[in-house]
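Please find one structure pasted underneath; my questions will follow.
Whatever order the structure lists ligands and atoms in, that order sets their numbers, starting from 1. Residues take their numbers from the sequence shown, with the count starting at 1. Remember, predicted model here, so these are calculated numbers, not experimental data.
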Amino acid sequence: VSEQTPGTPIPAIPAAIYARISRDREGAGLGVERQEADCRELAAKLGWHVTDVYVDNDLSAYSGKPRPGYRRLLADIDAGRYSGVLVWHTDRLHRSIVEPEEYGALCEKRGVVTQTVKAGLIDYTTPAGWLQARLLGAVARYEVDHQRERLKRKSLELAADGEWRGGRRPFGYAADGVTVVESEAAVIAAAADIVLSGGSLRRIAADLNARGVTTSTGRAWAPREVGRVLVRPRNAGLRQHQKSVIGAAKWPAILTEDTWRALCSLLGDPARRTSPPAGRRWLGSGLYVCGVCGAPMLVSSTTTGSGVHKPGYRCRPTRGHVYRDAAAVDGFVTRAVLARLGRADAAGLLAAGDQRPDTTALHTQAQVLRTRLDELAGLFAGENPAIDARQFAAGSRDLHARLEAVQDRIARVSQRSALSVVAGVPDVGSVWAGLDLDRRRGVVDALVTVTILPGRRGRLPGGAYFDPAAVDITWKA
Ligand SMILES: [Zn+2]
């Protein structure tokens, strides 16, 4: 850092002004002249020296139309011509959520500071500055979306807007995107049911393919494709723009919003995979616990004296405190669980453990929070915002966190317990036989804690190796 000699004027920061005329702000009289004049006034206050003005005429709001002025500005920033950029508001500079990313990265690289007349300093060299820039981008997007709604009042046109238009027909709906195809809607509802009670996408895909049910383009189902269809907002009668849900759609829902949110929360979980991870192909792997150290037990194979690979439960891959033949323990636990579920009072297990709370109150809460977010954005939008960027950032962070928590609770209470499939059904044995491993594991997990105790070595009197007394089954309350 070079020190300034006293008395020497600090060299003025070379700066550019960017102005854009658009229809984004109706009747605000925001001509380019006005934007430029305000920016020059700000430059004078900051002691910046404006050398160039870049202008785009962009009357088609959010058209994605190229902006030559903006591109030249970026090139000149990259060439190191400026240390500062002046704009009236960030929404003049950026029309989408992605643009600030490119712009910010460039400013960060070149050490360029952006000053706005309406939103103050945007400093891309700090995380706080980035956050602010992204929030401003989100607000601009909010305004654009609302403007589009005003422009396109014809609701069917809006309903037809989005993911499927000009592309493939959405599974569950006819080619108009609005009429429900009942047979396909039933497939979606059944698949949702299976996933929410612990079934796997792989099993659903295999089942659909076996039944000759194809995707909307006539192809066979892959597990990933089943998941993609299940998490579509359109299933809940919601309209989507880019990645966010922007309101009620004009087509009928196939699933309730609860069910859809529960699916999103389940399938959005990165821990969940379409195929079971290695080592999870047994009823109790990761569920049974070691009677010595309490660690979850996993299955690994040992080679016996006769060269046979025998899978067994261990609390650690090598040695471990206890080891037990996997097939024998699973058979024992299965018999115990089925015996319990076959008893007359089995339906009571469900009543105690699977009471689903009413989600109406949670939905009301979520709706209130969404409305408050809208109101907050309203306060920050427009030519003379009632709150500043910092207040907006703090407020929306808080509201978003609370909304997420409420949505999370809605999703969780909507996940059906795996138990609901087997508790109180007449012939539990045949129902069990039809369940895939994921769902069986769900039932075991809901009903019992299985502890593998150290057992004696060698055969028991009578010749068997497996000692039921060394497997403790504790029923969950
Ligand atoms: Zn152990």
Side-chain angles (χ1 to χ4, degrees), residues 197-200 202-203 266 269-342 346 349 352-354 412 415 417-419 421-423 428 432-433 435-477:
S197 46
S200 71
R202 204 168 59 144
R203 170 60 72 97
L266 256 181
D269 180 0
R272 192 196 158 88
R273 308 182 192 180
T274 48
S275 53
R280 278 286 161 99
R281 281 174 295 111
W282 293 86
L283 187 64
S285 50
L287 294 179
Y288 302 165
V289 292
C290 168
V292 177
C293 68
M297 303 197 67
L298 298 172
V299 173
S300 57
S301 290
T302 32
T303 309
T304 63
S306 50
V308 179
H309 292 286
K310 261 202 139 180
Y313 285 102
R314 281 185 179 77
C315 70
R316 287 185 208 154
T318 53
R319 298 186 58 162
H321 298 120
V322 291
Y323 163 82
R324 207 59 43 84
D325 179 80
V329 185
D330 283 358
F332 178 66
V333 171
T334 301
R335 283 191 297 278
V337 164
L338 288 182
R340 175 68 188 88
L341 288 170
L349 291 171
D354 193 41
R412 258 183 294 127
Q415 280 169 24
S417 143
L419 218 46
V421 190
V422 284
V428 73
W432 178 267
L435 296 183
D436 60 25
L437 185 64
D438 288 341
R439 298 174 102 184
R440 290 182 184 178
R441 287 170 51 86
V443 173
V444 168
D445 194 26
L447 274 184
V448 292
T449 304
V450 177
T451 309
I452 314 288
L453 305 165
R456 62 161 120 179
R457 296 193 176 273
R459 289 174 195 265
L460 297 169
Y465 280 101
F466 180 71
D467 178 8
V471 177
D472 179 72
I473 296 182
T474 305
W475 300 89
K476 292 183 179 171

Report task. Quick one: sort the Tyr313 and Trp282 rings into parallel, tilted or perpendicular, breaks at 30° and 60°. Result -> perpendicular
Report summary line: Within a distance under 2.8 Å of the Zn ion (ligand 1), the protein atoms of type N, O or S are Cys290 SG, Cys293 SG, Cys315 SG, His321 ND1
Query raised in the report: Short question: side chain of Asp472, backbone of Thr451 - any donor-acceptor pair under 3.5 Å?
Result: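 Flag not set: sc Asp472 to bb Thr451 has no pair under 3.5 Å.
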Query raised in the report: Is any NZ, NE, NH1 or NH2 atom of the basic residue among Asp467 and Arg324 found under 4.0 Å from an Asp or Glu carboxylate oxygen of the other?
Result: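 Arg324 and Asp467: not salt-bridged.
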Query raised in the report: Looking only at heavy atoms, which two atoms of Gly286 and Pro296 are closest? And how far apart?
Result: O-CB, 3.7 Å
Query raised in the report: Quick one: are Met297 and Val322 in side-chain contact, heavy atoms under 4.5 Å?
Result: yes
Query - Atom of Ala336, atom of Trp475 and distance for their closest heavy-atom approach - result: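 Distance-wise, the nearest heavy atoms are O-CH2, 3.5 Å.
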